[in-house]
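Read the structure below first, then the notes.
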Amino acid sequence: MRAAEALRREGLAGSLTLVGAETHWPPFDRPPLSKQVLSGAWPEDKARLRVAEDLAAVLLLGVRAVALDTTAKVVVLDDDQALPYDGLVIATGATPRSLPGAVTLRSIDDSRHLTSVLTAGCRPSWGGPGVQTRVGVVGAGVLGGAVGAPARGVG
């Protein structure tokens, strides 16, 4: 979305198509998921970015780019749709390393799941009622601290 905003700001008047694998959430700002949304300070909707209509863009959700033909200037999606392009921005983001039994925080659904785990006090695999739940945060950076603070806040 930030790249699309910049293109429009710089004067791109042509067609603009945004492709995203998320199936039911329009583009959203990830940092608030671990801070404001997880702590309950913000409703989920506040983390959403500008809607595609604001940018006169087509938003294709639930599909992934799986092939790129730079000679023909075509991006192929996993539903076999071929998107021609004049200019292309590839903004894939990063994929977190997953650990067995761990909860990752990459989407609004992940934030919902983590919130339910934290507010429930424990997950069955972590212990039963009355058992003190311990939460380990892998990653001591900004995101790790941002997840740790709400976890501590709910006890």
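- Considering only heavy atoms from C-beta on, T17 stays 4.5 Å or farther from V75 through its side chain.
- For K46, the side chain to side chain contact (heavy atoms under 4.5 Å, CB included) criterion is met by W42, P43, not counting sequence neighbours.
- Minimum interatomic distance between L77 and A65 (heavy atoms only, all atoms of both residues): CD2-CA, 3.9 Å.
- Few gaps surround CG on D79; more than 12 heavy atoms of other groups in view lie less than 6.0 Å from it.
- Of all heavy-atom pairs between P84 and A82, the closest is CD-O, 3.5 Å.
- By the 4.5 Å heavy-atom criterion applied to side chains, V76 and L83 are not counted as neighbours.
- Cluster membership check: L16 does not share its hydrophobic cluster with L88, using side-chain heavy-atom separations under 4.5 Å among Ile, Leu, Val, Met, Phe, Trp and Tyr.
- For the side chain to side chain contact (heavy atoms under 4.5 Å, CB included) test, no residue two or more places apart in sequence or in another chain qualifies with D80.
- Smallest separation of non-hydrogen atoms from V74 and Y85: N-CE2, 3.2 Å.
- Between L60 and L18 there is no side-chain heavy-atom pair separated by less than 4.5 Å.
- Nearest heavy-atom pair, D78 versus G62, reported as atom, atom and distance to 0.1 Å: OD1-O, 4.5 Å.
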N/O donor-acceptor pairs under 3.5 Å from side chains in residues 6-14, not counting sequence neighbours:
{"from": "R8", "atom 1": "NE", "to": "L55", "atom 2": "O", "distance (Å)": "2.7"}
{"from": "R8", "atom 1": "NH1", "to": "L12", "atom 2": "O", "distance (Å)": "2.7"}
{"from": "R8", "atom 1": "NH1", "to": "G14", "atom 2": "O", "distance (Å)": "2.8"}
{"from": "R8", "atom 1": "NH2", "to": "G14", "atom 2": "O", "distance (Å)": "3.1"}
{"from": "R8", "atom 1": "NH2", "to": "L55", "atom 2": "O", "distance (Å)": "3.3"}
{"from": "R8", "atom 1": "NH2", "to": "A56", "atom 2": "O", "distance (Å)": "3.0"}

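- Cluster membership for V89 and V58, using ILVMFWY side-chain heavy atoms within less than 4.5 angstrom, is not shared.
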